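Heads up: the structure comes next, in structure tokens.
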Amino acid sequence: MPKRTSDRGSILLLSVGHSCVDVYQGAVAALVPFLVAERHYGYAAVSGVVLAASLLSSVAQPLFGALTDRRPLPWLLPVSTLLGGAGIALSGVSGSYGLTLAFVALSGVGVAAYHPESARVARLAAQRAGAGQGGPGVHRGMAWFSLGGNLGFAAAPLLVAAVVGTGGLRLTPLLAVPALAGAALCLPVLRELERRRAAGAVRAPAPVADDRAAFLRLSLAVVCRSVAFVGLSTFLSLFTAQRLGGGPAAGTAALVVLYAGGAVGSVLGGALADRWGRVAVARRSYLVAAVAVAGVLLVPGPVLYLFVALASAGLYVPFSLQVTLGQDYLPSRVGTASGITLGLTVSIGGLASPAIGALADATSLRTALLPLVLMPVLSWALFRTLPEPVVPDSEAEADADADEDAEAGGPAPVSR
């Protein structure tokens with residue numbers, strides 16, 4: 001199965017490339033302490049820097065998705081990767097606040113341009129890699145693709161600390177290295193995609209009607225999931241230090257567990273969905289997450305770390321599944337669906353953090369975090385209304401037929 005082997009290699013390259021892009025999403029927040037220390041920015045100033053990257057990126061993703069729905073733009077992968085890295089690399093060079101905002105915004109645009117098109121290309125590789133193996137393989141492949149992004153985001157603080165922590169903001173140009181690596185990793189994938197297209201081994205999917213109502217309910221579920229995860233990750237370190245003592249080390253350990261559980265959940269979601277279906281797996285995962293978040297807030301002692309791991313896994317198992325569900329609910333607008341599920345809904349969920357902080361100031365941190373238990377419950381309730389999309393002809397079978405036609409020299413319609 002040499003072709004399927006090459007498709008698995010494409011998924012691996014795309015996953016690592018995804019890490020190289022998403023490291024710049026996490027890098028903005030990681031730069032905040034250094035901007036405060038070296039440039040004496042206040043809270044409002046650093047909030048503006050973070051907002052310039054995160055909000056612009058999240059809002060722009062659906063726009064880039066709509067653009068790629070009109071015409072596939074695979075060249076966006078290396079170009080957007082370089083833009084994401086260039087913005088962060090230049091952010092520490094000038095002492096001007098305006099230029100810092102502009103460079104961080106440039107990085108956000110690069111991140112926004114990358115995700116919709118990369119999700120489309122990753123799905124193509126994933127569906128082909130799984131053909132003929134008793135299941136579509138799409139969920140598992142997309143889970144690995146999502147895992148790359150999660151790991152990149154989690155690695156950002158370590159990378160920034162290693163570079164900027166040793167030499168100051170003047171060394172931010174060194175942060176361009178992941179972008180150069182990520183852009184290089186895209187090129188073999190794009191060459192393989194073009195070879196398949198030239199050989200006629202890429203079929204146009206059978207037309208399927210959009211289910212906009214289901215997509216809207218899915219988007220609301222993603223927002224609820226985002227409120228829970230962003231709220232938990234923002235305040236978990238402080239909460240753990242309060243509950244267990246041990247100072248910052250205890251809080252940092254909880255964050256490590258949170259990110260590690262997310263990595264496990266991302267991969268586990270794809271494997272479970274291949275067996276039981278995406279909707280069923282996501283629904284059950286949200287129930288686990290609700291119980292686990294309650295355990296984090298209410299159960300005393302070091303067992304808190306166990307509940308953090310369960311909460312993270314429960315919230316991340318549905319992560320990649322929601323991306324492919326969105327694509328299947330809006331099959332005529334795959335790029336737009338990817339941009340919304342990967343970008344806009346996540347950003348909207350993050351807007352709840354200031355409200356949590358304000359409530360914590362007025363009451364206590366535990367009281368402010370308790371409403372997070374309801375968020376996965378709401379996601380579960382919304383998933384109970386969602387159908388499992390049914391594709392008339394299996395993607396895997398269509399791709400296997402296309403391979404056979406190409407090898408035999410027979411006709412195979414090329415998608416446009």
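None of these values were measured; they are calculated from a predicted model.
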Under the side chain to side chain contact (heavy atoms under 4.5 Å, CB included) rule, what do Phe64 and Tyr114 come out as? Steps first, then yes or no, please. CA-CA 8 Å; Phe64 279 105; Tyr114 175 85; over 6 Å; no
Val257 and Ser312: CA distance, side-chain angles, deciding distance, side chain to side chain contact (heavy atoms under 4.5 Å, CB included) verdict: CA-CA 8 Å; Val257 173; Ser312 180; over 6 Å; no
Could you walk me through whether Val104 and Leu101 pass side chain to side chain contact (heavy atoms under 4.5 Å, CB included), step by step? CA-CA 5 Å; Val104 168; Leu101 287 179; 5.9 Å; no
Side chain to side chain contact (heavy atoms under 4.5 Å, CB included), that's the test. Do Asp210 and Phe215 meet it? Break it down for me. CA-CA 9 Å; Asp210 290 343; Phe215 182 78; over 6 Å; no
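Considering only residues two or more places apart in sequence or on other chains, Tyr286 meets the side chain to side chain donor-acceptor pair (under 3.5 Å) condition with Gln322. Taking Arg120 as the reference, Glu117 meet the salt bridge (charged side-chain N to carboxylate O under 4.0 Å, His left out) condition, with sequence neighbours excluded.
Side-chain contact annotation: Arg123 with Thr324, donor-acceptor N/O pair under 3.5 Å absent.
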Would you tabulate the side-chain donor-acceptor contacts of residues 145-164 under 3.5 Å, counting partners in other chains and residues two or more places apart, or write 'none'?
unit_1 : atom_1 : unit_2 : atom_2 : d
Ser146 : OG     : Met142 : O      : 3.1
Asn150 : ND2    : Ser146 : O      : 3.3
Asn150 : ND2    : Ser266 : OG     : 2.6

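In this structure the side chain of His18 never reaches within 4.5 angstrom of the side chain of Leu14, judged on heavy atoms. Residues Val296 and Leu310 have side chains not in contact (no heavy-atom distance under 4.5 Å, counting atoms from C-beta outward). Contact annotation: the side chain of Pro188 approaches that of Leu13 to within less than 4.5 Å [non-hydrogen atoms, C-beta and beyond]. Under the 4.5 Å side-chain criterion, counting only non-hydrogen atoms from C-beta, Phe307 is in contact with Val303. Side-chain contact between Pro387 and Asp211: present, with at least one pair of heavy atoms (C-beta onward) separated by less than 4.5 Å. At least one side-chain heavy atom of Leu258 sits under 4.5 Å from a side-chain heavy atom of Ser233. Looking at Val49 and Tyr97, their side chains come closer than 4.5 Å, going by heavy atoms from C-beta outward. His115 has its side chain out of reach of Ser338: every pair of non-hydrogen atoms, C-beta onward, lies at least 4.5 Å apart.
The minimum heavy-atom distance between Val227 and Ala352, with the atom names listed, is CG1-CB, 4.0 Å. For the residue pair Thr363 and Ala368, the shortest heavy atom distance occurs at OG1-N, 4.3 Å. Residues Pro178 and Val23 approach most closely at CB-CG1, 4.1 Å, considering heavy atoms. For the pair Ala126 and Ile11, the tightest heavy-atom approach, listed with the atom from each and the gap, is CA-CD1, 3.5 Å. Residue Ile356 comes nearest to Gly231 through the heavy atom pair CD1-CA, 4.0 Å, listed as atom of the first residue, atom of the second, then distance. The minimum heavy-atom distance linking Ser80 with Ala113 is given by the pair CB-CB, 3.7 Å.
Between atom CZ of residue Arg283 and atom OG1 of residue Thr385 there is a gap of 10.0 Å, rounded to the nearest 0.5 Å. Rounded to the nearest 0.5 Å, atoms OG (Ser94) and CG (Leu169) are 11.0 Å apart. Interatomic distance, Arg191 CZ to Cys186 SG, rounded to the nearest 0.5 Å: 11.0 Å. Atom CG of Leu77 is separated from atom CG of Leu185 by 11.0 Å, given to the nearest 0.5 angstrom. If you take CZ on Phe235 and CG on Leu369, they are separated by 7.0 Å, rounding to the nearest 0.5 Å. Taken to the nearest 0.5 Å, the CG atom of Leu99 stands 9.5 Å off from the CG atom of Leu90.
Under 4.0 Å is where a charged nitrogen must lie from a carboxylate oxygen, and between Arg195 and Glu192 at least one such pair does.
Asp328 places no side-chain N or O within donor-acceptor distance of the main-chain N or O of Pro389, the cut-off being under 3.5 Å. Using a distance-only test at 3.5 Å, with no hydrogens or angles considered, a donor-acceptor pair links the side chain of Ser91 to the main chain of Ile88. Ser107 contributes a side-chain N or O that, together with a main-chain N or O of Gly84, makes up a donor-acceptor pair within less than 3.5 Å. For Arg366 (side chain) and Leu298 (main-chain N/O), no donor-acceptor pair under 3.5 Å exists by modelled atom type. Distance alone, capped at 3.5 Å, is enough to place a donor-acceptor pair between the Asp69 side chain and the Val334 backbone. The backbone N or O of Val299 lies less than 3.5 Å from a partner atom in the side chain of Arg243, making a donor-acceptor pair. Side-chain atoms of Thr341 do not come within 3.5 Å of backbone N or O of Gly326 as any donor-acceptor pair. In this structure a side-chain-to-backbone donor-acceptor pair under 3.5 Å is missing from Thr240 to Gly251. Between the side chain of Tyr329 and the main chain of Leu218, no donor-acceptor pair closer than 3.5 Å is present. Asp22 places no side-chain N or O within donor-acceptor distance of the main-chain N or O of Gln25, the cut-off being under 3.5 Å.
Annotation: cation-pi geometry not satisfied between Arg217 and Phe383 (NZ/CZ under 6.0 angstrom from ring centroid, within 45° of ring axis).
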